[in-house]
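Chain naming here is simple, since letters A, B, ... match the order of the sequence lines and numbering starts at 1 in each.
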2 protein chains.
Amino acid sequence: MKHHPIVPRERILDTALRLFHAQGYNATGINQIISEAGVAKASLYLHFKSKEELGIEYLNARHDLWFTQLRLFTDAEKKPRKKILAAFDFLTHINENENFRGCSFLNLLSEIQPDNFVLLASIQTHKQELRQFFADILEDQKNDISDIVYMLFESAITESQLFKSQWPVEKAQQAVSDLFKLKYIK
Amino acid sequence: MKHHPIVPRERILDTALRLFHAQGYNATGINQIISEAGVAKASLYLHFKSKEELGIEYLNARHDLWFTQLRLFTDAEKKPRKKILAAFDFLTHINENENFRGCSFLNLLSEIQPDNFVLLASIQTHKQELRQFFADILEDQKNDISDIVYMLFESAITESQLFKSQWPVEKAQQAVSDLFKLKYIK
DNA sequence: AATTAAACATACAGATCAGTCTATTTACGG
DNA sequence: CCGTAAATAGACTGATCTGTATGTTTAATT
């Protein structure tokens, strides 16, 4: 268990990333994290002052990872229409890779208490950025179809998680495609 | 604390309904439920064999309550178009009444483990019924716009919970309204 | 080689969790 | 009025939780 390739802090964060997403935040204990990360408990509290701080760092890391992967799909396209449709292909991809576990942020939203403004703000910021991502691609000024795209996109994630199936992604993607035809979006 | 108006079993279920929805399933302990229900612990385990069984009954009760309230809005309308739009008014209503706590079923979905097929099935059945509810109103045979409505409806609930705002309901309702105009749905 | 800090193992505290058990009291139907 | 079942209070088990404290070992730098 000695001579790990990466430093303890990253091992903790990587493990937390995996476990929080796979099992949920409350269902994942500190002891399981340090055990699977191969790290002492004191080391965890050396790098993170509490479980909640680890939760915040988890969201930050997940945010970066998620958007990086998303852009791998969308940057490959030039036309706005194709960029958006590629975003839905990305959903199909993570559903396969992560066994329909849905959105880390929305999952955590369901677990936090109404008075936890810190984590709520972090979740809201992530989703606001996604909203803006669609708005930027579609250069939304007059029409507000980017929020429709956003909402269908969000629904595709959640409903895939619920039904453990890709059909919501396909339906949403098709609906967006139809909408673009209608609005003459290239 | 004696001479309660309703029997212990209902007091437990009512309290669980309120607390599970407000705080989440895992965050709500048995002790809090019996305390607020004014019931002995042995009484709880007399009527429910475990917390999970209480969880199942919670979903059942919530299902009935939710659809009953929904139909209060939709049954008041005759035209399919107006029925659907009234369903979104219902969302605005529960957002106000329940402080943007979102959907009980999707919230629980985020908390359960992937191997919990019992609770997953219960959640899926509820949502399948909602899907069918829209399909029946729109008499979906050829076109499949009812699933688009369903997905926008779902998104409206979740995004309202996330942003603690009614804007997602309004946007989704407007989008559905536009879609109906386009497809000549009365 | 000595210093320093990071990482280690592990025990412990204090709280809370679901669930069981014992024993007593209440309420109701025959 | 008596017997039965429901409901009560509350102690208790054993597990788990987050977080702290103690002391040792490792590793890198000067």
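- In the displayed structure, A/Lys164 atom NZ is contacted under 6.0 Å by more than 12 heavy atoms of other residues, nucleotides or ligands.
- Using a 4.0 Å cut-off between charged side-chain N and carboxylate O, B/Glu159 and A/Lys127 make no salt bridge.
- Rounded to an integer number of Å, the gap from A/Ile34 CD1 to D/dC17 P is 11 Å.
- Figure legend: cation-pi geometry between B/Lys83 and B/Phe73 absent, as NZ or CZ is not positioned both under 6.0 Å from the six-membered ring centre and within 45° of its axis.
- With rounding to whole Å, B/Arg9 atom CZ is found 14 Å from D/dT8 atom P.
- Residue A/Lys82 places its NZ atom among 12 or fewer non-hydrogen atoms of other residues, nucleotides or ligands, all under 6.0 Å distant.
- Taking atom CZ of residue A/Phe48 and atom P of nucleotide C/dA7, one finds them 11 Å apart after rounding to whole Å.
- Atom CD of B/Glu10 and atom C1' of D/dA7 are 16 Å apart (whole Å).
- Distances shorter than 4.0 Å separate none of the side-chain N or O atoms of B/His47 from OP1 or OP2 on D/dA6.
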Atom pairs under 3.5 Å: protein N/O with N/O of nucleotides 16-23 of chain C:
from	atom 1	to	atom 2	distance (Å)
C/dA18	OP1	B/Lys51	NZ	2.9
C/dA18	OP2	B/Ile30	N	2.7
C/dG19	OP2	B/Tyr45	OH	3.0
C/dG19	OP2	B/Lys51	N	2.8
C/dG19	N7	B/Lys41	NZ	3.2
C/dG19	O6	B/Lys41	NZ	2.6

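- Candidate nucleotides D/dA6, C/dC8, D/dT8 were compared by shortest atom distance to the side chain of B/Ser43, and D/dT8 ranks first.
- Ring pair B/Trp66/B/His126 is perpendicular by interplanar angle, where above 60° counts as perpendicular and below 30° as parallel.
- Put simply, the side chain of B/Leu109 reaches to within 4.5 Å of the side chain of A/Gln161, judged on heavy atoms.
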